[in-house]
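Contents: one structure, followed by commentary.
Computed from heavy atoms alone, side chains included, the values below leave out hydrogens, waters and symmetry copies. Source: prediction; values computed, not measured.
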Amino acid sequence: MWLRPNRALSRRGLRRLIMVLAALALTTAGLGAWQGNVFAPLFALIESCAMALALRQAWRAGDRSERISLDDESLEVRALPGRRCARFQSYWVRVRLAPGHGHDRLLLGSHGRELEIGAFLAEEERIEVAGKLKVLLADVQGQPRR
């Protein structure tokens, strides 16, 4: 199972958005310069660069994901990009939703350890993932589905 945040824009759409916003800012600054504000184009250029960097950083945050793999012996959660990996014995893993920070947190727990997964997902998506994981774990553990 792959958990990924939703993205509203593709890379191409992000470039287009940045170009349109920069063109609007520079056009407005050009009008300001025409009326006597000679510093307006400089500030518009600085603003456009800062806006492009901020949008790019926000878009790159969408690269995070988590891969969950389950077999008869273990459940493994690998965070990407990066090398964080957590492994639990599949028979002992428990899935629960716990309140915290204004939304429910999706936690996997076993033997006194807990790991939050899907923090970047919407509330409904976390509930859906919790349900799917409970069903998959019940199948592996040989328990009847609830």
Are [X] and [Y] in one and the same hydrophobic cluster, where Ile, Leu, Val, Met, Phe, Trp and Tyr link if side-chain heavy atoms are under 4.5 Å apart?
X: Phe43; Y: Leu45; answer: no
X: Met19; Y: Leu14; answer: no
X: Val93; Y: Met1; answer: yes
X: Phe120; Y: Val95; answer: yes
X: Leu26; Y: Leu17; answer: no

(message) How about CZ on Arg113, more than 12 heavy atoms from neighbouring residues, nucleotides or ligands closer than 6.0 Å, or not?
(response)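 Yes, enclosed.
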(request) Answer yes or no: are there more than 12 heavy-atom neighbours, outside Trp34 itself, under 6.0 Å from its atom CH2? (result) no
Heavy-atom distance under 4.5 Å between the side chains of [X] and [Y], does that happen here?
X: Arg94; Y: Glu114; result: no
X: Glu76; Y: Cys85; result: yes
X: Leu108; Y: Leu133; result: yes
X: Arg4; Y: Leu121; result: no
X: Leu115; Y: Leu107; result: no
X: Val140; Y: Asp71; result: no
X: Ile117; Y: Arg126; result: no
X: Arg78; Y: Glu66; result: no

Could you measure the distance from the [atom1] atom of [X] to the [atom2] atom of [Y]? Nearest 0.5 Å is fine.
X: Ile18; Y: Leu21; atom1: CD1; atom2: CG; result: 8.0 Å
X: Ile68; Y: Lys132; atom1: CD1; atom2: NZ; result: 11.0 Å
X: Glu73; Y: Gln89; atom1: CD; atom2: CD; result: 10.0 Å

(request) Just grab all the side chain to side chain donor-acceptor pair (under 3.5 Å) pairs involving residues 40-62, residues at least two apart or on different chains. (result) none
(request) Please report the C-alpha distance between Arg7 and Asp63 in whole Å, then the side-chain angles of each, then the deciding distance to 0.1 Å, and finally whether the side chain to side chain contact (heavy atoms under 4.5 Å, CB included) criterion is met. (result) CA-CA 9 Å; Arg7 277 199 173 146; Asp63 286 341; 2.3 Å; yes
(request) Would you mind listing every ring-ring contact (aromatic ring centres under 6.0 Å, His included) that reaches into residues 67-99, with sequence neighbours excluded? (result) Trp92-His111
(request) Can you sort out the partners of Leu31 under side-chain contact (heavy atoms from CB on, under 4.5 Å), two or more places apart, ordered by chain and number? (result) none
(request) Taking all non-hydrogen atoms of both residues into account, name the closest pair between Pro5 and Gly62 and its distance. (result)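 In terms of heavy atoms, the two residues are closest at CG-O, 3.6 Å.
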(request) Locate the shortest heavy-atom distance separating Ala33 from Ala40; write the atom from each residue and the value. (result)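 Closest heavy-atom pair between Ala33 and Ala40: N-CB, 4.3 Å.
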(request) Check for a donor-acceptor pair, side chain of Ser90 on one end and backbone N or O of Asp72 on the other, with a separation under 3.5 Å. (result) yes
(request) Measure from the side-chain N and O atoms of Glu125 to the backbone N and O of Ala122, and report whether any donor-acceptor pair falls under 3.5 Å. (result)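 Yes, Glu125 side chain to Ala122 backbone: donor-acceptor pair under 3.5 Å.
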(message) Can you tell whether the side chains of Glu123 and Arg105 come within less than 4.0 Å, N to carboxylate O?
(response)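 Here Glu123 does not pair with Arg105 in a salt bridge, since their nearest N and O are not under 4.0 Å apart.
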(message) Any salt bridge linking Arg96 with Asp104? Criterion: basic side-chain nitrogen under 4.0 Å from a carboxylate oxygen.
(response) no
